[in-house]
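Working notes, structure below.
Start at 1 with the first residue, then count along the sequence.
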Amino acid sequence: MTTRKSRPPENRRRTSKPRPRGSLRRHLGRWSRRVAELSVLVAAVVGLVVLGRWTHAYVTTSEHFAVDEAEITGSSHVPAEEVQRLSGLAPGTNIFAVSPGAAARRIEQSPWIESATVRRRLPSQVTIEVTEREAIALVRMGKLFLIDGEGTVCLLYTSPSPRDHG
């Protein structure tokens, strides 16, 4: 006995409209996927920006990152308190409020200091390494000048004018 596949009667009508062979459905599927992917990407970028701003605000205002100790090395002529004052990193200052490079440049403006390196040690410490000039001569010509071994001349002190004494 053979089994025949039954066919629907040919006179039977379809009650619904024929669907396209998937081209519109496929097109809408791709479009909605792309919209969903783009939405997720935009949401992630917005979230990262908000998180970054919140983190920046917290880090730059938190007392947790306030300078409580400055370790100063290499300073013999300039007092450590003066080096710290020149750096702009006084106790209580937020450690991220001052750039280490800018602090080093301010310290190097002192005539005794040849170079300075400032490093942050999180959460609340700063390390300042100073290299001082070695004076081989002091010259007084109305003003006091320091001359180091490389011939660099620096103004150390301006003498008060005679009218300042009166």
Side-chain angles (χ1 to χ4, degrees), residues 27-166:
H27 178 70
L28 287 176
R30 285 185 205 147
W31 184 80
S32 62
R33 258 193 321 272
R34 287 191 177 141
V35 168
E37 290 170 353
L38 184 62
S39 298
V40 168
L41 180 64
V42 168
V45 168
V46 169
L48 287 173
V49 168
V50 169
L51 180 65
R53 286 186 167 247
W54 178 83
T55 302
H56 180 266
Y58 172 76
V59 165
T60 57
T61 59
S62 173
E63 290 181 14
H64 185 71
F65 297 106
V67 174
D68 66 355
E69 182 183 340
E71 180 183 327
I72 300 169
T73 58
S75 177
S76 58
H77 292 93
V78 182
E81 297 80 25
E82 177 68 9
V83 172
Q84 187 169 358
R85 185 192 67 75
L86 287 169
S87 74
L89 290 165
T93 304
N94 187 287
I95 201 166
F96 296 107
V98 178
S99 160
R105 284 188 296 277
R106 280 196 301 275
I107 294 168
E108 290 169 354
Q109 289 178 353
S110 171
W112 277 108
I113 298 176
E114 184 175 339
S115 66
T117 304
V118 179
R119 290 188 183 97
R120 297 178 182 130
R121 286 184 22 209
L122 297 178
S124 59
Q125 295 179 335
V126 177
T127 302
I128 302 173
E129 296 173 17
V130 174
T131 303
E132 291 185 339
R133 298 184 195 281
E134 292 187 33
I136 61 167
L138 290 173
V139 178
R140 182 180 206 118
M141 294 186 300
K143 298 176 182 178
L144 191 58
F145 293 91
L146 162 76
I147 301 175
D148 69 4
E150 296 177 6
T152 305
V153 179
C154 300
L155 174 65
L156 281 182
Y157 177 74
T158 305
S159 302
S161 64
R163 61 180 155 204
D164 290 342
H165 293 292

Quiz prompt | Pro111 versus Leu146, closest heavy-atom pair with distance | solution = O-CD2, 3.8 Å
Quiz item: Counting distance only, does the side-chain N/O of Thr61 pair as donor-acceptor with the main-chain N or O of Ala57 below 3.5 Å?
Solution: yes
Quiz item: Can you name the closest pair of heavy atoms from Ser115 and Glu108 and give their distance?
Solution: CA-OE2, 3.5 Å
Quiz item: Of all heavy-atom pairs between Ala66 and Gly92, which one has the smallest distance, and what is that distance?
Solution: CB-O, 3.7 Å
Quiz item: Out of Thr127, Ile72, Val130, Val126, which one pairs with Val118 under the side chain to side chain contact (heavy atoms under 4.5 Å, CB included) rule?
Solution: Val126
Quiz item: Which distance, rounded to the nearest 0.5 Å, do you find between the CG of Leu38 and the CZ of Arg33?
Solution: 14.5 Å
Quiz item: Which heavy atom of Ala90 sits nearest a heavy atom of Val67, and at what distance?
Solution: O-CB, 3.9 Å
Quiz item: Do NZ/NE/NH1/NH2 and the carboxylate oxygens of Arg121 and Glu69 come within less than 4.0 Å?
Solution: no
Quiz item: Does Glu134 use its side chain to pair, donor to acceptor, with the backbone of Asp148 at less than 3.5 Å?
Solution: no
Quiz item: Side-chain contact, heavy-atom cut-off 4.5 Å: Ser75 with Glu82?
Solution: no
Self-check item: CD (Gln125) with more than 12 external heavy atoms under 6.0 Å
Solution: yes
Quiz item: Below 4.5 Å, heavy atoms only, C-beta onward: do Val78 and Glu132 meet side chain to side chain?
Solution: yes
Quiz item: What is the ring orientation for Trp112 with His77, classed by angle as parallel under 30°, tilted 30 to 60°, or perpendicular over 60°?
Solution: parallel
Quiz item: When rounded to the nearest 0.5 angstrom, what distance separates CG in Leu122 from NE2 in His64?
Solution: 8.5 Å
Quiz prompt | Side chains of Thr131 and Ile113 in contact at under 4.5 Å (non-hydrogen atoms) | solution = no
Quiz item: Side chain of Arg133, backbone of Glu114: donor and acceptor closer than 3.5 Å?
Solution: no
Quiz item: If every non-hydrogen atom of Gly88 is compared with every non-hydrogen atom of Arg106, which pair is closest and at what distance?
Solution: CA-NH2, 3.9 Å
Quiz item: Which atoms form the tightest heavy-atom contact between Leu89 and Ala103, and what is the distance?
Solution: CD1-CB, 4.4 Å
Quiz item: Hey, are the side chains of Phe96 and His56 touching, using non-hydrogen atoms and a 4.5 Å cut-off?
Solution: no
